[in-house]
J.: 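Below is a structure I'd like to ask you about.
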Amino acid sequence: MITAIVLVHTAADRIPETAQAIADLDGVAEVYSCAGDVDLIAIVKVREHEQLAEIIAGKLSRVEGVIGTDTHIAFRSYSKADTDAAFAIGLD
């Protein structure tokens, strides 16, 4: 699974609607509104790199209210939840 963290700049008066529209896209796992340099952070999870272009450039960037995006590809997860899940496979 390929994970991309997409930092999204939006029109200030459209944050809730833009966040929901992004969350509704196939391949988008989560969307967070946040304080700081960006308005939203979207977590995109796909099986193939080509799908990133389809989702981020082809759909997410075109959602009404999106002004710009900055995409970061994750190499490895160090989340405790992910580690626990990996070791729990096959225990049932």
Side-chain angles (χ1 to χ4, degrees):
M1 186 67 63
I2 300 163
T3 301
I5 297 96
V6 185
L7 309 178
V8 184
H9 297 275
T10 67
D13 62 339
R14 300 229 5 113
I15 293 173
E17 297 86 359
T18 303
Q20 188 59 59
I22 293 171
D24 291 343
L25 296 174
D26 287 339
V28 175
E30 302 165 85
V31 178
Y32 300 93
S33 62
C34 55
D37 294 337
V38 297
D39 303 302
L40 301 171
I41 297 175
I43 308 299
V44 176
K45 294 184 181 259
V46 296
R47 296 216 175 269
E48 299 178 9
H49 282 97
E50 293 78 20
Q51 293 173 290
L52 291 174
E54 294 171 15
I55 295 168
I56 298 168
K59 296 178 183 172
L60 191 152
S61 294
R62 297 178 182 194
V63 168
E64 186 177 347
V66 172
I67 296 169
T69 63
D70 185 14
T71 302
H72 301 264
I73 306 298
F75 292 129
R76 188 175 291 156
S77 172
Y78 294 95
S79 164
K80 182 175 175 2
D82 291 340
T83 304
D84 289 347
F87 284 108
I89 294 173
L91 291 180
D92 291 333

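Just so you know, these numbers come straight off a predicted model, no measurement behind them.
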J.: Between T71 and V6, is there a donor-acceptor pair closer than 3.5 Å when you use the side chain of the first and the backbone of the second?
T.: no

J.: Quick one: side chain to side chain contact (heavy atoms under 4.5 Å, CB included) partners of A21, sequence neighbours excluded?
T.: V63

J.: Please list, chain by chain and in numerical order, all residues satisfying side chain to side chain contact (heavy atoms under 4.5 Å, CB included) with E48, sequence neighbours excluded.
T.: E50, Q51

J.: Could you work out, with side chain to side chain donor-acceptor pair (under 3.5 Å) as the rule, every residue matching Q20, not counting sequence neighbours?
T.: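 Checked Q20 against side chain to side chain donor-acceptor pair (under 3.5 Å); matches are D24.
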
J.: Does some side-chain heavy atom of I2 sit less than 4.5 Å from a side-chain heavy atom of H49?
T.: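 Sidechains of I2 and H49: in contact.
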
J.: Using the side chain to side chain contact (heavy atoms under 4.5 Å, CB included) criterion, which residues pair with E30? Sequence neighbours excluded.
T.: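 Only Y32, I43 meet the side chain to side chain contact (heavy atoms under 4.5 Å, CB included) criterion with E30.
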
J.: Holding to side chain to side chain contact (heavy atoms under 4.5 Å, CB included), I want the full list of residues that pass it with I55, two or more places apart in sequence or in another chain.
T.: V28, V44, V46

J.: Remaining members of I67's ILVMFWY cluster at a side-chain heavy-atom cut-off under 4.5 Å?
T.: none

J.: Using side chain to side chain donor-acceptor pair (under 3.5 Å) as the criterion, list what pairs up with H72, not counting sequence neighbours.
T.: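 Side chain to side chain donor-acceptor pair (under 3.5 Å) check on H72 returns D70.
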
J.: Of the non-hydrogen atoms in K45 and T3, which two are nearest, and what is the gap between them?
T.: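 Closest approach of K45 to T3: NZ-OG1, 3.5 Å.
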
J.: Return the minimal non-hydrogen interatomic distance between T69 and S61, and the atom names on each side.
T.: OG1-OG, 3.7 Å

J.: Could you see if L25 belongs to whatever hydrophobic cluster contains V66? Use Ile, Leu, Val, Met, Phe, Trp, Tyr and a side-chain cutoff under 4.5 Å.
T.: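 Yes, one cluster joins them.
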
J.: Can you give the donor-acceptor pairs under 3.5 Å from side chains of residues 8-17 to other protein atoms, not counting sequence neighbours?
T.:
unit_1	atom_1	unit_2	atom_2	d
H9	ND1	D37	O	3.4
T10	OG1	D39	OD2	3.4

J.: Please say yes or no: joined through hydrophobic side-chain contacts below 4.5 Å, possibly via intermediate residues, are I5 and L40 part of one cluster?
T.: no

J.: First locate atom CG of L60, then atom CG of L52, and finally report the distance between them rounded to the nearest 0.5 Å.
T.: 11.0 Å

J.: Taking side chain to side chain donor-acceptor pair (under 3.5 Å) as the test, write out the residues that go with R76, two or more places apart.
T.: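 Side chain to side chain donor-acceptor pair (under 3.5 Å) check on R76 returns Y78.
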
